[in-house]
Amino acid sequence: MASVAEMYDVSWEDMRDKLRKWRDENYRNSEQIVEVGEELISDYASKLGDDIWIIYEQVMIAALDCSRDDLATLCLQELRKQFPGSHRVKRLTGMRLESLERYEDANRMYDAILQEDATNTAARKRKIAILKALGKTTEAIRELNEYLEQFVGDQEAWHELAELYINEHDYGKAAFCLEELMMTNPHNHLYCQHYAEVKYTQGGLENLEISRKYFSQSLKLNNRNMRALFGLYM
């Protein structure tokens with residue numbers, strides 16, 4: 001089978017830069033990351049310098065998404081050798097345990113991290129992710145609320161809490177979460193669109209007027225947002 005470099009006529013530098021671009025823009029295109037990253041670490045590891053470590057982490061997370069435990073394990077082993085005792089590597093170990101549905105072992109790993117560093121937000125978020133994976137939505141909501149009391153500026157956590165409330169059909173609290181997001185980042189057209197959708201779902205004349213207002217604001221911020229345009233026509 002032809003390599004990525006041969007198929008697309010790219011150099012290893014191009015592949016490295018592509019992975020960096022995906023990291024910077026928070027793309028979760030896991031299959032492509034695995035395809036490019038596996039070739040990079042297999043054939044060009046010696047040329048990557050210190051970039052190799054962040055690439056190992058990026059490829060490992062993508063490999064977990066793609067059920068490539070062999071590749072995830074290889075990346076994890078290299079990271080453990082380079083950074084023994086690292087909380088970040090321990091968190092990655094916990095994520096691999098989650099992918100294997102060994103949730104109790106993963107929780108113990110995260111608890112060990114939090115014993116050493118109670119402010120480790122990544123470990124706390126992983127514990128909440130486990131509650132969500134186990135279908136314990138009420139507990140996940142409670143833990144997220146407690147987390148946000150300490151880390152009120154965490155936009156990702158506010159967005160996750162909004163999604164959990166929406167899944168529970170608690171649209172009033174979901175709207176509150178999205179209001180917090182819009183105050184933090186008023187120029188994000190997706191937050192405005194999401195808020196408009198929640199207000200529309202709540203129903204009632206007042207909520208429908210608010211919904212139209214925020215669909216309009218979303219379009220003003222991004223005139224290519226077709227969902228916001230469709231929302232105005234509903």
Side-chain angles (χ1 to χ4, degrees), residues 20-30 54 57-58 61-62 65 87-88 91-92 94-95 110 113-114 117-133 136-204 206-232 234:
R20 181 183 295 136
K21 182 176 185 292
W22 289 336
R23 284 197 306 275
D24 292 343
E25 297 180 2
N26 290 320
Y27 283 176
R28 196 68 181 262
N29 47 336
S30 299
I54 190 67
E57 180 179 15
Q58 182 182 13
I61 293 170
D65 285 345
H87 287 169
R88 190 160 173 166
R91 174 176 58 83
L92 292 172
M95 290 173 66
Y110 300 139
I113 294 171
L114 290 168
D117 178 12
T119 64
N120 192 302
T121 59
R124 288 189 65 174
K125 286 182 180 180
R126 293 315 313 169
K127 287 177 67 67
I128 293 167
I130 289 174
L131 291 173
K132 185 179 175 183
K136 298 180 179 180
T137 306
T138 302
E139 293 179 40
I141 288 172
R142 186 185 68 244
E143 290 294 325
L144 255 181
N145 274 298
E146 290 179 6
Y147 171 87
L148 282 166
E149 287 178 6
Q150 297 180 50
F151 306 100
V152 68
D154 191 326
Q155 294 185 44
E156 182 183 43
W158 279 114
H159 194 269
E160 182 61 33
L161 184 57
E163 291 295 332
L164 288 173
Y165 279 133
I166 288 170
N167 291 340
E168 293 295 295
H169 308 293
D170 195 338
Y171 299 111
K173 290 180 180 177
F176 173 81
C177 295
L178 291 164
E179 287 164 3
E180 290 288 331
L181 285 170
M182 288 190 295
M183 283 193 294
T184 304
N185 188 352
H187 301 295
N188 187 311
H189 70 99
L190 293 175
Y191 292 162
C192 293
Q193 171 209 306
H194 204 173
Y195 182 70
E197 290 169 345
V198 168
K199 299 306 286 185
Y200 183 90
T201 305
Q202 281 185 281
E206 183 179 352
N207 285 326
L208 289 176
E209 287 299 320
I210 294 172
S211 175
R212 288 182 60 83
K213 175 183 175 182
Y214 280 91
F215 277 132
S216 296
Q217 178 65 11
S218 181
L219 272 173
K220 182 179 178 181
L221 293 169
N222 179 6
N223 59 16
R224 295 184 180 182
N225 187 329
M226 298 307 296
R227 285 188 64 155
L229 181 61
F230 181 70
L232 280 174
M234 287 193 301

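Within the structure, every pair that satisfies the ring pair (Phe, Tyr, Trp, His ring centres under 6.0 Å) test and touches residues 209-230, not counting sequence neighbours, is listed here: Y195-Y214. Sorted by first and then second residue, the pairs that involve residues 121-132 and meet salt bridge (charged side-chain N to carboxylate O under 4.0 Å, His left out), not counting sequence neighbours, are E98-R126, D111-K127, K125-D154, K125-E156, K132-E160. Each salt bridge (charged side-chain N to carboxylate O under 4.0 Å, His left out) pair with one or both residues in residues 137-148, not counting sequence neighbours, would appear here, but there are none. For residues 208-218, no residue pair satisfies the salt bridge (charged side-chain N to carboxylate O under 4.0 Å, His left out) rule, not counting sequence neighbours.
Looking at residues two or more places apart in sequence or on another chain, you find a salt bridge (Lys or Arg N to Asp or Glu O under 4.0 Å) between R20 and D17, D51. F176 is linked by a side-chain contact (heavy atoms from CB on, under 4.5 Å) to W158, E179, E180, counting only residues two or more places apart in sequence or in another chain. Every side chain to side chain donor-acceptor pair (under 3.5 Å) that D117 has, sequence neighbours left out, goes to T119. By the side chain to side chain donor-acceptor pair (under 3.5 Å) test, N120 is found to be paired with no residue, residues two or more places apart in sequence or in another chain being considered. In this structure, R224 has no salt bridge (Lys or Arg N to Asp or Glu O under 4.0 Å) partners at least two apart in sequence or on a different chain. Partners of E197 under the side chain to side chain donor-acceptor pair (under 3.5 Å) rule, at least two apart in sequence or in another chain, are Q193, R227. The side chain to side chain donor-acceptor pair (under 3.5 Å) search around H189 returns N222, N225, not counting sequence neighbours.
Between the CH2 atom of W22 and the CG atom of N29 there is a distance of 5.0 Å, given to the nearest 0.5 Å. One finds the OG1 atom of T137 at 11.0 Å from the CG atom of L144 (value rounded to the nearest 0.5 Å). Of the inter-residue distances, the one linking L161 atom CG with L178 atom CG reads 9.5 Å to the nearest 0.5 angstrom. Interatomic distance, D24 CG to K21 NZ, rounded to the nearest 0.5 Å: 9.0 Å. A distance of 10.0 Å separates CG in L164 from OG1 in T138, rounded to the nearest 0.5 Å. Atom SG of C177 sits about 7.0 Å away from atom CG of N145, to the nearest 0.5 Å.
The shortest non-hydrogen separation linking I128 to A140 is CG2-O, 4.1 Å. Heavy atoms only, all atoms of each residue included: Y147 and A157 are closest at CE2-CB, 3.6 Å. Nearest approach of A122 to R91, heavy atoms of both residues: CB-CD, 3.3 Å.
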Please report the C-alpha distance between Q202 and K199 in whole Å, then the side-chain angles of each, then the deciding distance to 0.1 Å, and finally whether the side chain to side chain donor-acceptor pair (under 3.5 Å) criterion is met.
-> CA-CA 5 Å; Q202 281 185 281; K199 299 306 286 185; 3.0 Å; yes

Would I210 and Y200 count as a side chain to side chain contact (heavy atoms under 4.5 Å, CB included) here? Give the steps. CA-CA 8 Å; I210 294 172; Y200 183 90; over 6 Å; no

For residues 167-174, dump all side-chain donor-acceptor pairs below 3.5 Å to protein atoms at least two apart in sequence or in another chain.
unit_1	atom_1	unit_2	atom_2	d
N167	ND2	E163	O	3.4
H169	ND1	Y171	OH	3.1

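A distance-only check finds no donor-acceptor pair linking the side chain of N223 to the backbone of L219 [under 3.5 Å].
No more than 12 heavy-atom neighbours from other residues, nucleotides or ligands sit within 6.0 angstrom of CD on E206.
Under the 4.5 Å side-chain criterion, counting only non-hydrogen atoms from C-beta, Y191 is not in contact with T184. Contact check for M182 versus C192: side-chain heavy atoms found under the 4.5 Å cut-off. Taking the side chain as every heavy atom from C-beta outward, L181 and N188 never approach each other to under 4.5 Å. Contact of the L92 side chain with the I61 side chain is registered, since non-hydrogen atoms from C-beta on lie closer than 4.5 Å.
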